[in-house]
2 protein chains.
Amino acid sequence: MCYAQFIENLFYKGGGSLEKPTIADVAKYAGVSITTVSRVINNNYPVKEETRQKVEEAINALNFKPNYLARSLIGKSTHTIGVVVPSITNLFFPVVVKGIEKVCSQKTFSLFLCDTDGKEESERTQIQNLLEKQVDGILVIDPRYENIENGFYEECAKKIPLVLINGYHRGVRCNFVLNDQEMGTLQAMEYLIKLGHRDIAFLRAKNSYSYDIKEQVYYETLKKHQIPIRKENILVIENGNGLETVELAIQVVQKRLEQEEPPTAIFACNDWMGVGVMQAAKRLGISIPEDLSVIGYDNIVISEISEPKLTTVDQNMYALGKTSARLLLDIIKHPGHGFQKIILDTNLMIRESCTSPKK
Amino acid sequence: MCYAQFIENLFYKGGGSLEKPTIADVAKYAGVSITTVSRVINNNYPVKEETRQKVEEAINALNFKPNYLARSLIGKSTHTIGVVVPSITNLFFPVVVKGIEKVCSQKTFSLFLCDTDGKEESERTQIQNLLEKQVDGILVIDPRYENIENGFYEECAKKIPLVLINGYHRGVRCNFVLNDQEMGTLQAMEYLIKLGHRDIAFLRAKNSYSYDIKEQVYYETLKKHQIPIRKENILVIENGNGLETVELAIQVVQKRLEQEEPPTAIFACNDWMGVGVMQAAKRLGISIPEDLSVIGYDNIVISEISEPKLTTVDQNMYALGKTSARLLLDIIKHPGHGFQKIILDTNLMIRESCTSPKK
DNA sequence: TTGAAAGCGCTAACAT
DNA sequence: ATGTTAGCGCTTTCAA
């Protein structure tokens, strides 16, 4: 059949080739004009039934597929969006991307994937590339704070539909979709306090707006419950994302647990750190949750397979992706409605790593 | 602000415009012909230094960016490839994708990401889409066996540079990049045997070519060492990939371990299952590796954060991605060199979950 | 209901 | 060294 088709092609192209057939080939084969072929493809103008048949036959015979490039060039749209992530291997982002993909493929949009390795400059050049490739819109997951603050994204947003996911700076005129980190942290803290904990450590990494927010809420919640804040309960590690995080967390937590008056619970700013806490405890023969409660954040897959299973805050990454994609496609379709900031709920995932402290 | 932009548009149209500038605008601004502008952009023909300056000024002044669509339409290439994955959330694939991304971005190729949810038909339609979008080549990670066997990919390979990653069928004319699963399994089995194990269970899921291969090697290795095969040591679960796998593995392994003469070691066909084995052991108070050795396969991130750390077979996903991408780009650049089958080495990652059996 | 022709933004012969 | 012109494959007026 492919051979037959090959021959057919040879025959037709009068000299022949395996080249992709164009709309002109179809027109010739069907004995109609190019315009008519276009009409049956797009089904946007009346065409006599008989003609349509002929054209459709030709299309099948030649196995014609319209060239998107040419279509797009005329100006409507490329039906393509760009998705920029700091690192696709991050365990966190693939779920968001999947949500985006789901919505896009439903609406027959394609998706350019760009990985920046978390570099501020790479983020900018990737966006430039996307612009040149004429994408209809751009989604940025965890944009670098600097690029939001320095006006880069505000500038972008003027040129092209743009949605920033999980990054924010007050006053920047841009579309945002965010998780409610204040709420998530509050849920976690209130839960621990309700269990009876009054000595809760806070484990974070350096330099992240996200951890700053959480630390803020940590203080506020303690204050609200008139629980004194102890400086030695603020545990800080260098790097918050990746394998080394676990090891770093183990070190710092182990040290803290060996001091006098160790905390009865630890709030970890993400699940990697949460796992680190568990392993530190294990090494010291401290059992979780009996002797120490741990709560994580993010609900990435590792929290579900740890032993015991880690209680954590779910950010519903999948919904985050879907919501953002929907917003973007909506903006593409109906431009110029001003900017939106959508804040998504978080959910406390109560599993096995927390309980009331021993008296 | 959107209003402001609206106004700005109104104002500008007909004198200048906020519309993207085209090469013609640049030419007019610089007082040269379109061709000359094209020449300085592409830097492929001699242009007087003075003229070049003028043009570059114009380009900057107008903030001109060439339109890739138009460029591509002329026929060279879109500088874009398609990457098809069963599921980007799979923990396995993001690393491969990252490797691909790395190579592509280095060569200024963009990458369309397509997620098929592992569906045979979706795989085909996604590929159709990619073809219509005029990608220069396609990479498929873990292609469905059916689509390889039924000739679909062989057909594709005639139309476009195509590389299949981690899927194979003898006799199919196509490019393949594979991990050496026979070798990996062999390494794992020999390791266990060398440690002194003679009662090794094999844990797999149903319906996968990959598990079939491994089972085959399992038998052969035992036979080679004259170790009798025990039927009750073949453990099969329903689903091999995802969270539920851990639970399923726990069930079946727990059951086996409670029988008489339990194995002293278990070969798990992937790391999810490996984790399941560990947790089953934990529930039964069997300690790893003292009472039971476990070996996994894949070396996904969870194997590194389990307690104890899981010994496993590394498939070097990242290299897999990079190699495949390089091969594809190479084929795109120099077409028609026949097909290749590249087989990558595996590495035994000896960590903490295996030791010699107690006498 | 159909076709001719202009043009999307760019490149590449072919002149000059 | 630079400009003129003819397309790339398609959509879309405008005419018939």
Side-chain angles (χ1 to χ4, degrees), chain A residues 9 12-13 17-56 58-59 62-80 131-136 159, chain B residues 13 17-56 58-59 62-80 131-136 159:
Chain A
N9 265 312
Y12 250 94
K13 285 267 184 162
S17 81
L18 242 166
E19 306 248 313
K20 286 178 197 158
T22 74
I23 198 172
D25 299 322
V26 177
K28 206 197 282 180
Y29 189 107
V32 299
S33 78
I34 290 183
T35 315
T36 305
V37 176
S38 171
R39 280 176 186 139
V40 347
I41 294 168
N42 295 295
N43 198 27
N44 51 359
Y45 284 90
V47 173
K48 219 206 299 179
E49 192 47 36
E50 201 186 315
T51 322
R52 156 165 279 120
Q53 296 262 317
K54 274 194 300 180
V55 173
E56 268 159 4
I59 289 176
L62 301 178
N63 190 27
F64 166 78
K65 301 270 178 261
N67 181 332
Y68 238 89
L69 254 39
R71 274 189 169 179
S72 304
L73 183 54
I74 296 183
K76 297 280 164 229
S77 125
T78 51
H79 254 223
T80 299
L131 252 23
E132 289 182 29
K133 295 244 160 139
Q134 315 299 125
V135 294
D136 292 342
K159 297 185 208 150
Chain B
K13 291 265 186 157
S17 91
L18 238 167
E19 305 251 310
K20 284 181 198 156
T22 74
I23 198 172
D25 298 324
V26 177
K28 204 196 283 180
Y29 189 105
V32 298
S33 77
I34 289 183
T35 315
T36 305
V37 177
S38 171
R39 279 171 188 144
V40 346
I41 295 168
N42 295 296
N43 197 28
N44 51 359
Y45 283 92
V47 172
K48 218 206 303 181
E49 191 46 37
E50 200 186 315
T51 321
R52 157 166 279 118
Q53 294 262 318
K54 272 195 301 183
V55 172
E56 268 160 4
I59 288 177
L62 301 178
N63 191 27
F64 167 77
K65 302 271 179 259
N67 181 333
Y68 238 89
L69 254 39
R71 275 188 169 179
S72 305
L73 182 56
I74 296 183
K76 296 278 165 233
S77 123
T78 51
H79 255 223
T80 299
L131 252 23
E132 289 182 29
K133 295 245 161 141
Q134 312 301 122
V135 293
D136 293 341
K159 297 185 208 148

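Chain letters run A, B, ... following the sequence lines, proteins first, then strands; residues in each count from 1. Only a predicted model underlies this, so the values are computations on that prediction, with no experimental measurement involved.
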### Task
Apply side-chain contact (heavy atoms from CB on, under 4.5 Å) to B:K65 and A:L131, showing your working.
CA-CA 8 Å; B:K65 302 271 179 259; A:L131 252 23; over 6 Å; no
### Query
Which is it for B:N44 and B:R39 under the side-chain contact (heavy atoms from CB on, under 4.5 Å) test, yes or no, and what are the steps along the way?
CA-CA 6 Å; B:N44 51 359; B:R39 279 171 188 144; 4.2 Å; yes
### Task
List the steps, then state whether side-chain contact (heavy atoms from CB on, under 4.5 Å) holds for B:D25 with B:K20.
CA-CA 9 Å; B:D25 298 324; B:K20 284 181 198 156; over 6 Å; no
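Nearest to the side chain of A:P46, among D:dT2, C:dT1, D:dT11, sits C:dT1. Of all nucleotides listed (D:dT2, D:dT4, C:dG9), D:dT2 comes nearest to the side chain of B:K48. For B:V47, counting side-chain heavy atoms from C-beta on, the closest listed nucleotide (D:dT2, D:dT11, C:dG9) is D:dT2. In the set D:dG9, C:dC10, D:dT5, the nucleotide with an atom closest to the side chain of A:T22 is D:dG9. Among the nucleotides C:dC10, D:dG9, D:dT13, the one closest to any side-chain atom of A:Y45 is D:dT13. The side chain of A:V32 lies closest to C:dG3 when the candidates are C:dT11, C:dG3, C:dC8. Checking C:dG9, D:dT12, D:dG3 against every side-chain atom of B:R39, the shortest atom distance belongs to D:dG3. Which of D:dT13, C:dT2, D:dG9 sits closest to the side chain of A:T36 comes down to C:dT2.
Between A:N67 and D:dC8, a side-chain N or O to OP1/OP2 separation shorter than 4.0 Å is absent. Phosphate proximity of C:dT11 to B:N44: absent, as no side-chain N or O sits under 4.0 Å from OP1 or OP2. OP1 or OP2 of C:dC10 has not a single side-chain nitrogen or oxygen of B:R71 nearer than 4.0 Å.
Backbone-only contact: A:F64 has heavy atoms under 4.0 Å from sugar-phosphate atoms and none from a base. Across all strands, B:L69 comes closer than 4.0 Å to no nucleic acid atom at all (heavy-atom distances). Using a 4.0 Å heavy-atom cutoff across all strands shown, B:I34 reaches at least one base atom of the nucleic acid.
Atom CD of B:E132 is separated from atom P of D:dG9 by 15 Å (rounded to the nearest Å). Atom-to-atom, CG of B:N43 to P of C:dT11 comes out at 13 Å; the value is rounded to the nearest Å. Computed from coordinates, the A:I23 CD1 to D:dG7 P distance equals 18 Å when rounded to whole Å. Summarising the geometry, the separation between CD1 on B:I41 and P on C:dA12 is reported as 12 Å, rounded to the nearest angstrom. Look at OH on A:Y68: it is 14 Å from C1' on D:dT11, rounded to the nearest Å. Regarding B:K65, its NZ atom lies at a distance of 16 Å from the C1' atom of C:dG9, rounded to whole Å. In this structure, the NE2 atom of B:H79 is 13 Å from the P atom of C:dT11, given to the nearest Å. Atom CG in B:N42 sits about 8 Å away from atom C1' in C:dT11, given to the nearest Å.
For A:S33 against C:dA4, a side-chain-to-base donor-acceptor contact under 3.5 Å is absent. With hydrogens and angles ignored, no donor-acceptor pair closer than 3.5 Å exists between the side chain of B:T51 and the base of D:dA1. For B:T35 against D:dT4, a side-chain-to-base donor-acceptor contact under 3.5 Å is present.
Nearest-nucleotide positions on DNA chain D for B:G31 and B:I74 put B:G31 closer to the 5' end.
For B:N63 against B:P21, the heavy-atom pair with the smallest separation is O-CG, 3.9 Å.
Under the 4.5 Å side-chain criterion, counting only non-hydrogen atoms from C-beta, A:I41 is in contact with A:F64.
Side chains of A:S33 and A:T36: a donor on one and an acceptor on the other come within 3.5 Å.
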